[in-house]
Amino acid sequence: MKTFKEYLANDRSVFLNPAEFGDLFIINGREMAAVLDQSADSEHPWAGEDGVSVITHTLYLSLEDFGEEPEQNERVVVNGKRFRIERVEANMGMLALGLEANVT
């Protein structure tokens, strides 16, 4: 009988699988499967400035694929675009990174 952790590991592989929910990204120079959710942050203090948009993303990926858990305010490059890590959540082998970029 499978353990709960084994079931979770299987769920991670389905969630990140490019044939299912995930896509392949180049993250800090390495290709890995991840899920990227994007939204505009209309509540951010800079959101009302002329010509400036604050774009926020949540990047879901495997902690094992990424390596070690990053720190808040570190920089990460996803498909050639630089982001600041606003939030880091690590749980059961998954990372959820809240990313932020200012776009002019």
Side-chain angles (χ1 to χ4, degrees):
M1 182 173 187
K2 281 187 172 182
T3 66
F4 181 68
K5 288 182 180 181
E6 290 171 328
Y7 279 110
L8 286 177
N10 187 56
D11 287 347
R12 277 194 311 267
S13 66
V14 170
F15 180 64
L16 296 175
N17 184 340
E20 299 290 341
F21 297 104
D23 288 301
L24 292 176
F25 293 90
I26 304 297
I27 302 171
N28 291 342
R30 294 183 18 237
E31 185 178 71
M32 60 187 80
V35 173
L36 184 65
D37 182 31
Q38 176 180 333
S39 63
D41 186 354
S42 61
E43 301 299 316
H44 195 282
W46 292 355
E49 296 294 323
D50 288 338
V52 176
S53 297
V54 177
I55 303 297
T56 59
H57 297 69
T58 303
L59 182 66
Y60 301 94
L61 64 160
S62 165
L63 176 58
E64 181 180 345
D65 290 347
F66 192 76
E68 62 184 54
E69 188 176 323
E71 298 285 326
Q72 184 178 10
N73 294 319
E74 279 187 34
R75 304 288 180 194
V76 64
V77 179
V78 179
N79 288 347
K81 296 178 184 173
R82 295 180 59 92
F83 296 93
R84 184 178 65 82
I85 299 174
E86 173 68 26
R87 172 182 46 82
V88 178
E89 295 176 23
N91 195 0
M92 302 297 288
M94 286 289 293
L95 283 174
L97 304 179
L99 306 178
E100 186 174 275
N102 293 324
V103 180
T104 56

Quick check for you: to the nearest 0.5 Å, what is the distance between L95 atom CG and E64 atom CD?
11.5 Å

Atom pair CE (M32) and CG (L16), whose distance is rounded to the nearest 0.5 Å
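These two atoms lie 11.0 Å from each other.
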
Verdict with reasoning, T58 to L97, per side-chain contact (heavy atoms from CB on, under 4.5 Å):
CA-CA 5 Å; T58 303; L97 304 179; over 6 Å; no

Answer whether the closest heavy-atom distance between the side chains of [X] and [Y] falls below 4.5 Å.
X: F66; Y: R30; result: no
X: V78; Y: L99; result: yes
X: N73; Y: I85; result: no
X: I27; Y: L59; result: yes
X: R75; Y: R84; result: yes

Donor-acceptor under 3.5 Å ([X] side chain, [Y] main chain):
X: N28; Y: V77; answer: yes
X: R12; Y: M92; answer: yes
X: E74; Y: E71; answer: yes
X: D23; Y: P18; answer: no
X: Q72; Y: E86; answer: yes

Heavy-atom closest contact ([X] atom, [Y] atom, distance):
X: A101; Y: R82; value: CB-O, 3.9 Å
X: Y60; Y: F15; value: CB-CE2, 3.7 Å
X: L61; Y: A34; value: CB-CB, 4.0 Å
X: E20; Y: V14; value: CB-O, 3.3 Å

F83 vs H57 aromatic rings, parallel, tilted or perpendicular, using cut-offs 30° and 60°?
perpendicular

Run the numbers on F25 and E31 for side-chain contact (heavy atoms from CB on, under 4.5 Å), then give the verdict.
CA-CA 5 Å; F25 293 90; E31 185 178 71; over 6 Å; no

